[in-house]
Amino acid sequence: MIDDPREIEAKFTVDDDGRRLLSSINTVGEFQVVSRVTAKQVDLYFDSDDRALAAVGATLRVRRLPDRAMLTFKGKRNVAERDDEAHIANRSEDEVAVTMQYAEIASEAPALPEHSGLSPLDRASTIAGGQALVPVAQLENLRTTIVLRDDTGREAELAIDECRGTRIADGRTVEFGEVELEGKGIDASTLRQLAEGLQHQVPGLTPSVVTKLERVLGSGEN
């Protein structure tokens, strides 16, 4: 049986004033900033020709960072119980490290290469019915990651993103900013309180339900 790790995160858009405030925060409620790191990451998203993953709200991506690479499967977002929590995603997330060589091959090949023992790939292939998984979008992202920690050691991760996405089918590009607040071992209730505190400190934050992939592909746009 495959384990079902979960991702719990709140997603926002932000204006320029809000971005500046976020970059300089030192505390959010009982949580203190313990580190800030900025790095470039390149994500390549895959799906079958008939978009089987998109049809069920799932995604598969290869992420390249300067020093490592990961393969990540994300399942469908759970429906929020309250309308004002629609921007808080709770979904399956299965992520494993892959070699830089695998990531490079994935970025150049017409389809994601098969590889035994990679659970994110197994999940996606099952949904796609064994069809080839082909690249559908590339996302270049300059991400500032701010780690927040409280006195008990609980952590959350605040990501401030500057993105440029390319739709593979026709080369369409789009640029946008986004903010994500992800719990790292904290429950949904604590994340919700942290997100509310962050919005109080940074009025320029606006809750968002549109994913990065939807922005790049042109679906889910308002």
Hydrophobic cluster membership, Phe31 vs Val147, 4.5 Å side-chain cutoff: no
Close side-chain approach of Val210 to Thr13, heavy-atom, < 4.5 Å: no
Cationic N near anionic O, under 4.0 Å, Arg63 to Glu95: no
Thr59-Arg91 side chain donor-acceptor pair, cut-off 3.5 Å: no
Where Pro110 and Pro135 come nearest, the two heavy atoms and their spacing: O-CD, 3.3 Å
Over 12 foreign heavy atoms within 6.0 Å of CZ, Arg164: no
Nearest atoms (heavy-atom pairs only) where Ala69 meets Ala103: CB-CB, 3.7 Å
Non-hydrogen atoms of Arg19 and Gly177 that approach each other most closely: NH2-CA, 3.6 Å
Same apolar cluster: Met70 and Phe46, side chain cutoff 4.5 Å: no
Nearest heavy atoms of Ala106 and Pro113, plus distance in Å: CA-CD, 4.1 Å
Whether Arg36 side chain and Ser23 backbone form a donor-acceptor pair below 3.5 Å: yes
Side chain to side chain, Leu22 and Leu205, heavy atoms closer than 4.5 Å: yes
Neighbour count above 12 (heavy atom, 6.0 Å) for Asp67 CG: yes
4.5 Å side-chain heavy-atom contact, Pro120 and Thr72: no
Non-hydrogen side-chain atoms of Leu121 and Leu133 separated by less than 4.5 Å: yes
Test item: Gln199 and Pro207 side chains (from C-beta on) under 4.5 Å apart, heavy atoms: yes
Note, Val33 side chain near Leu148 side chain (heavy atom, < 4.5 Å): yes
Interatomic spacing from CG in Leu71 to CZ in Arg61 - rounded to 0.5 Å: 9.5 Å
Closest contact, heavy atoms only, Ala124 versus Leu53: O-CD2, 3.7 Å
Contact summary for Val28 and Gly197, nearest pair of heavy atoms: CG1-C, 4.1 Å
Rounded distance [0.5 Å steps], CD1 in Ile8 versus CG in Leu191: 7.0 Å
Thr190 side chain to Asp187 side chain, donor-acceptor N/O pair below 3.5 angstrom: yes
Contact check, side chains of Leu112 and Leu60, non-hydrogen atoms, under 4.5 Å: yes
Any side-chain donor near an acceptor of the partner, Ser92 and Arg6, under 3.5 Å: yes
Co-membership, hydrophobic cluster, residues Val98 and Phe73, 4.5 Å side-chain: yes
Pairwise distance CZ(Arg154) to CD(Glu30) - rounded to 0.5 angstrom: 7.0 Å
Main-chain N/O of Val179 paired to Asp161 side chain as donor or acceptor, under 3.5 Å: no
Rounded distance [0.5 Å steps], CG in Leu181 versus CZ in Phe12: 6.5 Å
Positive for side-chain contact (heavy atoms from CB on, under 4.5 Å) with Asp47, one of Val134, Ile127, Leu217, Val136: Val136
Heavy-atom side-chain contact between Ile160 and Ile146 under 4.5 Å: yes
Ile186 CD1 to Glu157 CD distance, which is reported to the nearest 0.5 Å: 11.0 Å
Any donor-acceptor N/O pair, Arg172 side chain to Val216 backbone, under 3.5 Å: yes
ILVMFWY cluster, Val174 and Ile168 together (side-chain gap under 4.5 Å): no
Linked, directly or transitively: Tyr102 and Val96 (ILVMFWY side chains, under 4.5 Å): yes
No-hydrogen, no-angle side-chain donor-acceptor test under 3.5 Å, Thr144 and Thr38: yes
Passing candidate, salt bridge (Lys or Arg N to Asp or Glu O under 4.0 Å) with Lys212, options Glu178, Glu175, Glu9: Glu178
Test item: Ser125 side-chain N/O and Asp122 main-chain N/O as donor-acceptor pair under 3.5 Å: no
Donor-acceptor under 3.5 Å (Gln201 side chain, Thr27 main chain): yes
Gap between atom CG of Leu65 and atom NZ of Lys40 - 0.5 Å precision: 11.5 Å
